[in-house]
Each structure stands twice: as structure tokens, then as C-alpha cells.
Peer 1: 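Structure below; questions to follow.
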Protein chains: 2
Amino acid sequence: MALRHAVLAALLDGELSGYELAKAFDLGVANFWHARPQQVYAELTRLEGDGFVAGREVVQEGRPNKRLFRVTDAGLAQLQSFTAAAAKPSFIRDDLLVQVQAADHVDTGALIERLTERAAVAREKAGLFTRLLGTMRGERTEEEFLRDGGRVGPYLTCQRGLAFEEGNREWCEHVIAVLRDRARTRPDD
Amino acid sequence: MALRHAVLAALLDGELSGYELAKAFDLGVANFWHARPQQVYAELTRLEGDGFVAGREVVQEGRPNKRLFRVTDAGLAQLQSFTAAAAKPSFIRDDLLVQVQAADHVDTGALIERLTERAAVAREKAGLFTRLLGTMRGERTEEEFLRDGGRVGPYLTCQRGLAFEEGNREWCEHVIAVLRDRARTRPDD
DNA sequence: CATGACTAGTCACTTCCATGACTATCATGG
DNA sequence: CCATGATAGTCATGGAAGTGACTAGTCATG
């Protein structure tokens, strides 16, 4: 039941089309949650059925019509009661960690490749988040924005995303260094 | 299909009973993956059926018999081919982030409670991981252990877990400070 | 001596999430 | 002129994960 609330939370700041939402959740630009387009569309349908969002058809020329969604009062109430309840603990759940856990029993070269790929992805994402933060705060310094800015929710979650990706990158590089060093100092093992 | 490999990876360093495994995955002590006991037992049954793990009954007195599992050669091969393949990108997926995303539209007090709870959990987990790391490296320094130690896989994943939980705690405290400051400087908004 | 916590699991049910395939139209580039 | 990529979605299916309930014996605590 969290995708529901993630969609509601993403819709809080202005109307979005299903397509925009779906893209944001797919790329993880809505960095606080991830979902495939099909899931997002399905969830929007359900949310509309429950009266938590309202959609309106927008006729476009030169491209398919779209539907813009906004959160209803009932939807906002729903989101508020969600926030009042305890958040489930979050766990890392990552293929790459499983692979590193097995590091001593598998091919080091392949593992270093995986780590290098991940480090690159993390760097890209961190860059994206950094730009996003810059866009949100505009001319202001971070401190000013967090004190006086209109909506800080998205900014704060983006900061978490940034820190997470930087943590990922640093850890990947650290593991690569360790594995390389071991390969050098104890070649056959 | 990742729980499979997580279980295999957890079993690499010595035999474990289903119960021990299940507990580790439930508490997240196997900090690189999380799963409920029922999932773990079910997965063990499947893995045994596929010949990737082998179980042996151990008769105990004073308590129920247990089954100890170890990874077979086929299981190791399976895990190696898993590690050779690209890891899926990982996404944060966290109720608390959804709640913070909605921060500007919900009750600040309740949100600060959630953040405080989470910060406490994160601190506990970080402490646990720190102790675990200490146990693994024993008398050696971290540098020595990572260079000369026998199995570094579990150590490295534990380091990631530690960094993640510290990141969580810092972020929670940061968000709390921001929200408190805003509540003070712009009370009705 | 009853209550709850620990060991060691199993069964059933539901909901969530992932994946692939499919329909359209329009704009852009080679 | 054809391929691609973006816009804007829908449908179907399977696998993964979450939830609750249940068995059954042992040990410690009040």
C-alpha cells in the first residue's frame, strides 16, 4: 500500500499527467520511490475509483490527449493518515550486495566490472540529483531555501537520494580498491 | 529471483540451520537482504529440490531437531553465474521518504515523531553493525583484515549497511532540524 | 503453575510488483 | 522513405513478497 501514497505525494505539487508521473517513477526521478509505468497507470485508475485523485481530459493537437490528475481532499486526508502511522522499517535489497557477499567465492574480475558499472550509475544519479536540487532552490542558498522556501518536502527527499547515491559510489570504489589490492598481494586464492 | 542467491551467499561461510538463516534474514542481520522466515524456509525447500543446497537432519535433545544446510557445487556454480550477470539497479523504497515528500501538506509533529523513531532504529542498527565488524576483524585493524583476512565479502556488505544506517540517521536528524526551524520561524503555514 | 519467550518450523491467502506485448499518432534525422 | 524515439497509454500473466495462523516441545520468570 505504499505506491498509492507515493503517487499521491508526487501529485501534491501541481497536476501531472499519467505519462509524466509514470516517467518520473520509472527513472526514479521521483527519487523516493520506483515503479514501472504500468503500475503507475494501474494505481491511478484505482485511486480515481476510490476518489483520492481526480483526472481531467486535456485535448491536445499534434499528440494524443492526456489526462491530468490532482489530489482530492479525500486523497489528502488519506495521505495525512498514512503519515500519522508508523513507517515500516526500510531495508537495503540489492543484487550487488548479494554478489559482494559472495566475493570470496566468485570471480573477482567479473565482480569488479559490476562494481564499476554501479559506481558509474551512482555518479550519474548523484549528478542528476545535484542539478535537481539546484533547480529547486534557484538563486537561494540551501540554508535560505530550507528556512524560507515554499515546499521543502521534495528537496529533503532529493537530498536523501543524493546522499544515498554518493554512499553507493564511495562504497563501490572502496570495494574495488580492496579487491584489487587482494588480487595483487595474494594472486592465487 | 534474488532471494535464492541471497540465501546461497549467506550459506557460503559454514552450515546454518533454516531457523538461523530465517532469523538472520528477518532481523536484517544478514544486512544485505531482508526476508520473512516463511520465505526463507520456502526458498530452502526449492533450493534443495533443485540440488543447490543439501540439508542434513541433526537430532537434538531438549529441543526440536533441526536441519543444517550447505551449498552444493551446483549451488556455487549457480551463484557464480549470478555474479557474472549485471546487477539490477537498486532503488530506495521507503515509506518514510514518501511521508517526508508530503511534508508540506501534513502534520509536522507527527512527521517529526516518525523521523525520531527512525533515527533511533538507525542508531541501533549502526551499533549492531559496528559490533559485527569488530567481531569479524578480531584483533586486526580494518586495513589488515581487508588485506589479509580470509573472507572479506560479509565484512564489505556490513560496511555498506553501516554507512547506510548512518546516512539514515544523519538525514533524519537533518530533516527534524529543518522542520523544527520552520515551525519556529513560520508558525502558521 | 501459568505465562510468555525461544527453538524449529509449516500452511494458506492476498496483495504487490515485474515483465512482456500491444495500440496509436506525431516529429525528427538520415 | 523509413527508422527511431517521444507522447500517451492498455492488457495479461506470473512470480515475489507480506500477513496471519498453527504445531509442539523447552526453558525461565514471576
Side-chain angles (χ1 to χ4, degrees), chain A residues 1-7 15-30 33-50 53 55-69 82 85-95 98, chain B residues 1-7 15-30 33-50 53 55-69 82 85-95 98:
Chain A
M1 284 281 209
L3 177 56
R4 313 209 78 175
H5 303 104
V7 170
E15 284 183 318
L16 289 175
S17 69
Y19 185 71
E20 287 170 311
L21 266 180
K23 234 182 10 170
F25 275 89
D26 196 22
L27 299 175
V29 170
W33 201 266
H34 173 261
R36 292 297 148 98
Q38 300 94 316
Q39 284 176 261
V40 175
Y41 283 116
E43 199 60 57
L44 278 172
T45 307
R46 252 169 281 149
L47 281 167
E48 197 179 19
D50 294 341
V53 304
R56 60 186 182 91
E57 187 94 15
V58 174
V59 179
Q60 298 188 116
E61 289 181 31
R63 58 185 56 182
N65 295 342
K66 63 182 175 182
R67 306 192 59 211
L68 290 183
F69 292 91
F82 169 75
K88 281 181 229 159
S90 81
F91 300 97
I92 288 191
R93 180 172 277 188
D94 187 343
D95 280 7
V98 175
Chain B
M1 282 283 207
L3 177 55
R4 313 210 76 175
H5 304 104
V7 170
E15 284 183 317
L16 289 175
S17 70
Y19 184 72
E20 286 169 311
L21 266 180
K23 233 182 11 170
F25 276 87
D26 196 23
L27 299 174
V29 171
W33 202 266
H34 172 259
R36 292 296 146 99
Q38 300 94 316
Q39 282 176 265
V40 176
Y41 283 117
E43 199 58 58
L44 278 173
T45 306
R46 252 170 281 151
L47 282 166
E48 199 180 17
D50 294 341
V53 304
R56 61 184 181 91
E57 186 94 15
V58 174
V59 179
Q60 298 187 117
E61 288 182 31
R63 60 185 55 182
N65 295 342
K66 65 182 174 182
R67 305 191 60 209
L68 290 183
F69 292 90
F82 169 74
K88 281 182 229 156
S90 80
F91 299 98
I92 287 191
R93 180 171 279 188
D94 187 343
D95 281 7
V98 175

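Bear in mind the structure is a predicted one, so any value in this text is a computation, not a measurement. A, B, ... follow the sequence lines: proteins, then strands. Residue 1 opens every chain. What you see below is based on every heavy atom in this structure, not just the backbone, and it leaves out hydrogens, waters and symmetry mates.
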Peer 1: Mind checking B/Arg4 for me? I need base, sugar-phosphate or nothing, with any heavy atom below 4.0 Å counting as a touch.
Peer 2: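 Answer is nothing: B/Arg4 stays at 4.0 Å or more from every strand.
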
Peer 1: Is B/Asp94 salt-bridged to A/Lys88, cutoff N-O under 4.0 Å?
Peer 2: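 So B/Asp94 does not pair with A/Lys88 through a salt bridge.
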
Peer 1: Once hydrogens and angles are ignored, does a donor-acceptor distance under 3.5 Å link the base of C/dG20 to the side chain of A/Gln38?
Peer 2: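 Checked by distance alone, the answer is yes.
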
Peer 1: Between C1' on C/dC16 and CG on B/Leu3, what's the gap in Å once rounded to a whole number?
Peer 2: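 B/Leu3 atom CG is separated from C/dC16 atom C1' by 16 Å.
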
Peer 1: Any salt bridge between A/Glu43 and A/Arg46, counting N to O under 4.0 Å?
Peer 2: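 Between A/Arg46 and A/Glu43 there is a salt bridge, with a charged N closer than 4.0 Å to a carboxylate O.
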
Peer 1: Are OP1 or OP2 of D/dT10 and a side-chain N or O of A/Tyr41 less than 4.0 angstrom apart?
Peer 2: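 It does not, given that no N or O in the side chain of A/Tyr41 lies less than 4.0 Å from OP1 or OP2 of D/dT10.
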
Peer 1: Got a salt bridge between A/Lys66 and A/Glu15, using NZ or NE/NH1/NH2 to carboxylate O under 4.0 Å?
Peer 2: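 No, this pair does not count.
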
Peer 1: Could you tell me how far apart B/His34 (NE2) and D/dA17 (P) are, to the nearest whole angstrom?
Peer 2: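 Distance check: B/His34 NE2 to D/dA17 P gives 11 Å.
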
Peer 1: According to a strict under-4.0 Å criterion, is A/Arg36 in side-chain N/O contact with OP1 or OP2 of D/dC11?
Peer 2: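 So the side chain of A/Arg36 is outside the cut-off, no N or O lying under 4.0 Å from OP1 or OP2 of D/dC11.
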
Peer 1: Looking only at the side chains, is there a donor atom on one of B/Glu48 and B/Thr45 sitting less than 3.5 Å from an acceptor on the other?
Peer 2: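 No donor-acceptor contact under 3.5 Å links the two side chains.
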
Peer 1: Would you say a side-chain N or O of A/Lys23 is under 4.0 Å from OP1 or OP2 of D/dA6?
Peer 2: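 No, outside the criterion.
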
Peer 1: Would you say a side-chain N or O of B/Tyr19 is under 4.0 Å from OP1 or OP2 of C/dG9?
Peer 2: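 Answer is no, no contact under 4.0 Å.
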
Peer 1: Rounded to whole angstroms, how far apart are CD on A/Glu43 and P on D/dC11?
Peer 2: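 From A/Glu43 CD to D/dC11 P: 16 Å.
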
Peer 1: Over all strands shown, is B/Arg63 touching base, sugar-phosphate only, or nothing at heavy-atom distances under 4.0 angstrom?
Peer 2: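 Result for B/Arg63 = sugar-phosphate.
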
Peer 1: Atom OH of B/Tyr41 and atom OH of B/Tyr19: how far apart are they, to the nearest 0.5 Å?
Peer 2: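 The distance works out to 7.0 Å.
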
Peer 1: Could you check how far CG of A/Asn65 sits from C1' of C/dT25, rounded to whole Å?
Peer 2: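 Atom-to-atom, A/Asn65 to C/dT25, this comes out as 11 Å.
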
Peer 1: Would you say A/Gln39 places a side-chain N or O within less than 4.0 Å of OP1 or OP2 belonging to C/dA18?
Peer 2: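 Yes, such a contact exists.
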
Peer 1: Nearest-nucleotide wise, let me know which of B/Pro64 and A/Ser17 is further upstream toward the 5' end of DNA chain D.
Peer 2: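 First, find each residue's nearest nucleotide; the 5'-ward one identifies A/Ser17.
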
Peer 1: Would one find a side-chain N or O of B/Arg67 under 4.0 angstrom from OP1 or OP2 of C/dT10?
Peer 2: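 For C/dT10, neither OP1 nor OP2 has a side-chain N or O of B/Arg67 closer than 4.0 Å.
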
Peer 1: Between C/dC17, D/dT19, C/dA8, which one does the side chain of B/Gln60 approach most closely?
Peer 2: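 Output: C/dA8.
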
Peer 1: Whole angstroms only, please: what is the CG-P distance between A/Leu44 and D/dG9?
Peer 2: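 It is 9 Å, rounded to the nearest whole Å.
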
